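Please read these numbers as outputs of a predicted model, since none were measured by experiment.
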Amino acid sequence: MKQNTLVTLVILLGLLGLVAWYNQQQSQRQSAARSGGQVLGDFDPNAVARLHVISGTATVELARVESGWTVVSLWNAPANFDQLSELLRKLGNMKVGEVIRGGTETLEEFGLSSDSSTGPAIPARLVLFGEGGCALGDLVLGQP
């Protein structure tokens, strides 16, 4: 075998090894993101200024004001600050594949129905906005 052929084969073998290593690293990153990785990454619950809960054709919009939170879609009725802050903290710590207890039991609190005969309640979409309307997160919760 000529020396040039041997050098070419060694270079090709090295490149093939690099490609295999890169694919393995990508696969490990993707599997970590699929199960156990944080859904929202570096999420700051205090940065949320507005959120939309969407299920089927129903939308509930909540906004942070000086006095707490209001339900914009219900003529700025006051919202329960403790429940919202707890939800936002849970979202910040939520991992892919994790189930938050409560299921469809709390949908009625937001004017959404858990009864499939009155409209599709699941999946529910949660869109989070910061100051100035910048999007912080867009989550689809539930089974599609």
Point to revise | Trp69 side, atom CH2; Leu51 side, atom CG - distance, nearest 0.5 Å | key: 5.0 Å
Point to revise | Distance in Å, Leu6 CG paired with Ile11 CD1, rounded so as to fall on 0.5 Å steps | key: 10.0 Å
Check your understanding: Going by heavy atoms in the side chains, are Thr59 and Val53 under 4.5 Å from each other?
Key -> no
Point to revise | Over all atoms of both residues, closest heavy-atom pair of Ser73 and Glu61 | key: OG-N, 3.2 Å
Check your understanding: Val72 and Val60: same hydrophobic cluster, using ILVMFWY side-chain contacts below 4.5 Å?
Key -> no
Practice item. Check whether Val65 and Leu84 end up in the same hydrophobic cluster, where Ile, Leu, Val, Met, Phe, Trp and Tyr are linked by side-chain heavy atoms less than 4.5 Å apart. Key: no
Check your understanding: Out of curiosity, does Leu62 fall in the hydrophobic cluster containing Phe81 (side-chain heavy atoms, cut-off under 4.5 Å, transitive links)?
Key -> yes
Revision key, fill the gap. Quick note, salt bridge (charged side-chain N to carboxylate O under 4.0 Å, His left out) partners involving residues 78-87, not counting sequence neighbours, are Glu86-Lys90
Point to revise | Intermediate values then yes/no, side-chain contact (heavy atoms from CB on, under 4.5 Å), Leu12 and Leu16 | key: CA-CA 6 Å; Leu12 285 175; Leu16 202 72; over 6 Å; no
Review point. Which atom names give the shortest non-hydrogen contact between Phe43 and Leu88, and what distance separates them?
Key: CE2-O, 3.5 Å
Using distance only, find each side-chain donor-acceptor pair of residues 125-134 under 3.5 Å and give its atom names and separation, not counting sequence neighbours.
| unit_1 | atom_1 | unit_2 | atom_2 | d |
| --- | --- | --- | --- | --- |
| Arg125 | NE | Asp138 | OD1 | 2.8 |
| Arg125 | NE | Asp138 | OD2 | 3.4 |
| Arg125 | NH2 | Asp138 | OD2 | 2.6 |
| Glu131 | OE2 | Arg64 | NH2 | 2.8 |

